[in-house]
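The figures that follow rest on heavy atoms only: side chains count, while hydrogens, waters and symmetry mates do not.
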Amino acid sequence: MSYNKKLSKFGGNKLRVGIFNAKGRFVSSILYAILFTFVGIIIASMLDLPASPVAKDRPDRKILQNTSVTDRPVDFSTPFINVVANSRDAVVNITGESDRHGRSVNDYFRFFGIQHPPTQKFGSGFIFREDGYILTNNHVVSGVDRVLVSTSGEEVYIAEIVGSDPETDLAVLKIEPRESLPMIPFGHSNELQIGEWVVAIGNPFPQTGGLDRTVTAGVVSAKGRRNLRFADGNVTYQDYIQTDASINPGNSGGPLLNLRGEAVGVNAAISSPTGSSVGIGFAIPIDFARVIVPSLIAHGTVSRGWLGVTVSDVSKDIAEDLNINGPAVMFDQVLRNSPASKAGLRPRDILVKYNGKTVENADDFRFQIASTPIDETINLNLIRGGRNITVPVTIGSRNTALQTMQSPYQEPYSEDYWLGMEVDNCSSQLANQLGVECPPNGGVIVTQVAKGSPSYNRNVVPGVIIVEIDKYEIKDINDYRQAVSKLKDRKKSISFIIYDTEGNTRWVGIKPTR
C-alpha cells in the first residue's frame, strides 16, 4: 500500500486541510501585526511622542529640568496665594494675661508658698497702621491685666489697650515697633456679595502651639445676621457677615479678607454644637470699624449719635395700607427733650429714608443713628397721616443722654408737665411740625408724653390738642395752667376733650397716680 493510499486510508484529506488552515492562521497573524504597528506609528506621531526611546536619557531628570513652579500656567494658581502673601505677616497673635483668681484658688497656692501662674486667653488681631495700631475683638482683651502681642517675626510686645467698645465687640491695641510693620488696609464690607470668596487668617488652637497664622478660605454665606449672643454678653450693634471659611478657637480678632487683600471683617465667633468649626462662622463688618476706630484712637471710647426714639419694623399690613413699596420703620415713642422731640417727630411717624439712605429695618436705623456724628443735621423722609414730609433733625450725644436720662416717668410738679405730658400753645408752626391743624377756638397741643405716665397709658400722644379739661374751656396755655392749679390734687379721673391726631374730637378720662 502506497503512502498516499495510507494517508487516504487514515484520513489524509482532513490532515491536508488542517495544515492549510494552520498556514492561513500564521499569515493572518503576521498581517494583523503589521497593521497594528502601522496604526501605532500614526497615533504616536499625532501625540508627538519621542521618536526614539528615552529610558537611557533619564526621563525624570529631563522632565524636572524643563518644568518649574514659575513655568506653570497662571490658570494653575489660586487667587488666594497673593492675598495670603501680602497679608499674613500683618496678622498677630494676642495673649491676654490676668493675675486675678478666685479667693479659694489664691489661698491654696499661698498656703504652699507657690506663686499662682496668670490665667491666659488667646486670640488674633491684625495691624492696620504701620506705626503699630492693631484691631481685634473686645472679648479677646477684656478683663485682662496685660496684653502680649507676637508678630510674624517672632517679636513679642507688651501692648496698650487704646480703646474698646463692648457694644460692637471691637478693640484697638498699640505697640511700639522697632521698625515699620506690614499692615492690612480696610475694605468696604457693604460691597460684599453673597457667594464671594473670602480668606480668614488667625491663630487657631493656640494652646497646642505652632498653629499661628493659619489660613482658611470660603465664601460669604449671608450678611446682616443679627440677634446673636456672642462674646462677653450680648453685642448691641450686630450686622454679622456669615462665612464658611473655618473660624476656629483663637481666630477671634483676625481679619476676614477679600481677594484684593483688604480686611472686610473681623472674625468674631462660630456657631457649633461641638465648639469647633462646622462651616458657620461670623465676622464683624469692617464698616463698623471705619466708624468707631477713629473715636477709639482719639478718646478711648465711642461717641455715638442719639435721636431719642424707639422704633419697630413696619408690618406688611401697615405697608399695604400706606402703599409703602420698600422697607421702613415706625416711631413707637419719642422721648421728652430729645433731638427727635425738638424736631417735632411724633409716634406713628413712618421713616422711609434717613439722610437719603433707605432704612432696611429697626436695627439698620439704630446703626445709622449711632454712626452719625454728634451735632450733625440730617433729613428724615417720613410718612405722616398719609402725607410725605421731610423733617430736619440735629443728632445728639448718646453718652450724654444716658448720663442725664431720668426714669421714664416721675410725677411732675410743673403745671406745664402734668399727668406725664408737656403742652404748649397751639401755634400754626408747631402744629405743622406735628402734622396737625389747630382748631378755630385755639387750645394747647401736647408736645411730649412720658413713657409709663397716666397720659401715656391712655394713648395720649404728641400732636393731640386739648380744648377742654373737666368742663374748663382751654384756649391757650394760661387757661391750661389755671385748670391744672384747680385739679392738681384730684385723685379720681379727670375728663378731657381733645382733638386726636386724625382731627377727630373725643373724650378721654385720665386718672392721676400718686
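- No donor-acceptor contact under 3.5 angstrom links the side chains of R88 and S152, judged on distance only.
- From N137, atom CG reaches atom OG of S164 across 11.5 Å, with rounding to the nearest 0.5 Å.
- Scanning both residues, M421 and V460, for their nearest heavy atoms gives SD-CG1, 4.2 Å.
- No more than 12 heavy-atom neighbours from other residues, nucleotides or ligands sit within 6.0 angstrom of CD1 on I158.
- By the 6.0 Å contact criterion, NZ on K353 is open, its count of non-hydrogen atoms from other residues, nucleotides or ligands being 12 or less.
- At least one side-chain heavy atom of F288 sits less than 4.5 Å from a side-chain heavy atom of L170.
- Of the possible donor and acceptor atoms, one in the side chain of K121 sits under 3.5 Å from a partner among the backbone N and O of H139.
- Residues E167 and R398 are paired through a salt bridge, judged by an N-O separation under 4.0 Å between the basic side chain and the carboxylate.
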Full working for side chain to side chain contact (heavy atoms under 4.5 Å, CB included) between Y354 and N379
CA-CA 6 Å; Y354 179 89; N379 289 322; over 6 Å; no

In sequence, state the C-alpha distance, the side-chain angles, and the governing distance for N267 and I284, and then conclude on side chain to side chain contact (heavy atoms under 4.5 Å, CB included).
CA-CA 6 Å; N267 301 326; I284 303 165; over 6 Å; no

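- Counting only N and O atoms by type, the side chains of T243 and S221 include no donor and acceptor under 3.5 Å apart.
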Please assess V219 against V198 for the test side chain to side chain contact (heavy atoms under 4.5 Å, CB included), listing each intermediate value before the final yes or no.
CA-CA 5 Å; V219 299; V198 286; 5.7 Å; no

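- Side-chain polar atoms of T310 and D332 form no donor-acceptor pair below 3.5 angstrom.
- Side-chain contact check for S150 and Y157: no donor-acceptor pair (N or O, by modelled atom type) lies under 3.5 Å.
- Of all the heavy atoms in R304 and I292, the pair that sits closest is NH2-CG2, 4.2 Å.
- Between D364 and V359 the shortest heavy-atom distance is OD2-CA, 3.6 Å.
- Q238 places a side-chain N or O within donor-acceptor distance of the main-chain N or O of V235, the cut-off being under 3.5 Å.
- For the residue pair A268 and S252, the shortest heavy atom distance occurs at O-OG, 3.2 Å.
- Q368 places a side-chain heavy atom less than 4.5 Å from the side chain of K357.
- Not one N or O on the side chain of D349 forms a donor-acceptor pair closer than 3.5 Å with the backbone of L345.
- Between R146 and E97 there is a salt bridge, with a side-chain nitrogen of the basic residue lying less than 4.0 Å from a carboxylate oxygen of the acidic one.
- Ion pairing between R366 and D239 fails under the 4.0 Å rule for side-chain N and carboxylate O.
- Defined by atom type and a distance below 3.5 Å, a donor-acceptor pair is missing between the side-chain atoms of T95 and Q120.
- Annotation: side chain of L382 is not in contact with side chain of I350 (no heavy-atom distance under 4.5 Å).
- Salt-bridge check for K174 with E176: passed, with a basic side-chain N closer than 4.0 Å to an acidic carboxylate O.
- Across all non-hydrogen atoms, the minimal contact from G308 to S338 is O-OG, 3.5 Å.
- Taking each heavy atom of S189 and I286 in turn, the nearest pair found is OG-N, 3.5 Å.
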Apply side chain to side chain contact (heavy atoms under 4.5 Å, CB included) to L307 and I395, showing your working.
CA-CA 6 Å; L307 188 59; I395 299 300; 4.3 Å; yes

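- Looking only at side-chain heavy atoms (C-beta outward), L148 and I94 stay at 4.5 Å or farther from each other.
- Distance CG/N361 to CG/D313: 5.5 Å, rounded to 0.5 Å.
- In this structure, F128 and Y133 have tilted ring planes: the angle between them lies in the 30° to 60° band.
- Remark: N355 CG to N381 CG distance equals 9.0 Å, nearest 0.5 Å.
- Screening L257, I184, I201, T136 for a side chain to side chain contact (heavy atoms under 4.5 Å, CB included) involving F126 leaves a single residue, I184.
- With V147 as reference, V141 is the one residue of I175, V140, I134, V141 to meet the side chain to side chain contact (heavy atoms under 4.5 Å, CB included) rule.
- To the nearest 0.5 Å, atoms CD1 (I247) and OG1 (T216) are separated by 7.0 Å.
- The distance from the CG atom of D287 to the CG atom of N190 is 4.5 Å, given to the nearest 0.5 Å.
- No side-chain heavy atom of L173 sits under 4.5 Å from any side-chain heavy atom of V162.
- Contact of the R346 side chain with the F331 side chain is not registered, since no non-hydrogen atoms from C-beta on lie closer than 4.5 Å.
- At a threshold of 4.5 Å between non-hydrogen side-chain atoms, the residues R348 and T501 do not count as touching.
- With hydrogens and angles disregarded, no donor-acceptor distance shorter than 3.5 Å links the side chain of N203 to the backbone of N251.
- Within the 4.5 Å cutoff, side-chain heavy atoms of E376 are placed close to those of I378.
- Residue T447 holds its OG1 atom at 4.5 Å from CD of E422, rounded to the nearest 0.5 Å.
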